[in-house]
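Because only heavy atoms are used, hydrogens play no part in the values below, and waters and symmetry mates are left out as well, while side chains stay in. Read the numbers this way: they start at 1 and go in the same order the structure lists the ligands and their atoms.
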Amino acid sequence: MQTTEVTHNTVINYGQTRILSDQEFKQFTDLIYDECGVSLSVDKRLFLESRLKKRMDELGIKNGQEYFAFVTGVKSKYHELPTLLDALMICETSFFRNAPQFDLFSQTVLPEVIARKEQVGSRLLRVWSAGCSTGQEPYSAAISMLEAVRYQPDWTLRVFASDLSFTALERAQNGIYRADQMKSVAPHLTRKYFHQENSNFVVNDEVKRRVTFDYHNLKNDNGLRNLDVIFCRNVMIYFDREEQQRLVNRFANCLMPGGYLFIGHAESLQWLSDRFTMIHKDKGIAYKLVA
Ligand SMILES: C[S@@+](CC[C@H](N)C(=O)[O-])C[C@H]1O[C@@H](n2cnc3c(N)ncnc32)[C@H](O)[C@@H]1O
């Protein structure tokens, strides 16, 4: 009989294949937490087991202990650990996700930052999309920035976009999206910033050349400093409180005084940091670094 019950006792029968003992489940969740800050509680056990099984089947590995030894082995870990983390990432995203936040970005944050930069004679805007998934977030940011300076072409716009999923980054870099992924892009922006190839929509070079994609694990500092805005949305939700605190602290160090942090609608900075003050417009929320 096939059971899908998650018990605290030893193993689970998932899709007829028993994969992890309790001890192995803990070994894997500790490893994943240490490597990338993602905290997998017992209710994510089915999810973890199904992703592990897929990878183990690809490698012809039969049990959890053998795979654990492989993924942590001196020879294999530099390749296999990133592959495992990639397989575990949830990369759901969309263009202009959380429209009120993008309205706040376009109508309040960008005009303020642009005015501040002009006062000091700078014409450079730098934004980081941390946990950029398949690219919709950084491209949305770049499009918003292009729109904000459309009558002042002498501005330099830079969007740094990072993730630890290689597969997501590859798609992001390609910048090719199906029609159903374009629903949240206003028609005039689709016409202006995308072109069609067969039934797909491709990001125009004007946008692409403003965005630089890179592999980066948010457990580590990436050295970016004096940023105007950071988007890190729907990423912290997978971290525990301690990891969230460390991350937000690093973000504060990456931003200019008065820079802005956008987080996901289900995330909050309450209890995490007193270095930011919340601003909102309608339902859009952002956090401003207290100078
Ligand atoms: C749900 S997606 C969110 C994408 C986008 N920010 C948005 O809100 O639409 C979460 C992304 O965070 C990335 N991620 C999770 N943990 C990470 C880490 N430690 N370092 C870098 N990226 C991470 C995942 O690979 C995934 O692409």
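Tyr193 and Glu147 are linked by a side-chain donor-acceptor pair at a separation below 3.5 angstrom, with hydrogens and angles left out of the test.
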Stepwise side chain to side chain donor-acceptor pair (under 3.5 Å) test for Asp163 and His216: CA-CA 5 Å; Asp163 205 284; His216 174 246; over 6 Å; no
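Here is the list of ligand 1 atoms found below 4.0 Å of a heavy atom in Arg233: 3 (C), 5 (C), 6 (N), 7 (C), 8 (O). Within ligand 1, counting atoms from 1 as listed, the ones closer than 4.0 Å to a heavy atom of Glu137 are 5 (C), 6 (N), 7 (C), 8 (O). When each atom of ligand 1 is checked for a heavy atom of Ser133 under 4.0 Å away, the hits are 4 (C), 27 (O). Counting the atoms of ligand 1 from 1 in the order shown, those under 4.0 Å from a heavy atom of Asn217 are 18 (C), 19 (N), 20 (N). Within ligand 1, counting atoms from 1 as listed, the ones closer than 4.0 Å to a heavy atom of Met89 are 14 (N), 15 (C), 16 (N), 24 (C), 25 (O). Residue-ligand proximity, His216 to ligand 1, at heavy-atom distances under 4.0 Å covers atoms 20 (N), 21 (C).
Of all the listed residues (Leu164, Thr93, Leu85), Leu164 holds the heavy atom that lies closest to atom 23 (C) of ligand 1. Comparing Thr134, Leu169, Asn222, Ile90 by heavy-atom distance to atom 26 (C) of ligand 1, the nearest is Ile90.
When the side chain to side chain contact (heavy atoms under 4.5 Å, CB included) test is applied to Asp221, the partners found at least two apart in sequence or on another chain are Arg225, Arg250, Cys254.
In summary, the aromatic rings of Phe160 and Phe213 are positioned with their centroids too far apart to meet the 6.0 Å limit. If you look at Tyr139 and Phe95, their ring centroids are not closer than 6.0 Å.
Cation-pi geometry between Lys44 and Phe25 is not met: the NZ or CZ atom fails to fall both under 6.0 Å from the ring centre and inside 45° of the normal.
Of the protein's non-hydrogen atoms, Asp163 OD2, 3.8 Å is the one closest to atom 11 (C) of ligand 1. Looking only at heavy atoms of the protein, atom 19 (N) of ligand 1 is closest to Cys36 O, 2.9 Å.
Under the 4.5 Å side-chain heavy-atom criterion for ILVMFWY residues, no single connected hydrophobic cluster contains both Leu124 and Val127.
Contact analysis puts Cys91 in contact with ligand 1, with a non-hydrogen atom separation below 4.0 angstrom. The closest approach between any non-hydrogen atom of Phe231 and ligand 1 is not below 4.0 Å.
For the pair Asp228 and Lys117, the salt-bridge criterion is met [side-chain N within less than 4.0 Å of a carboxylate O].
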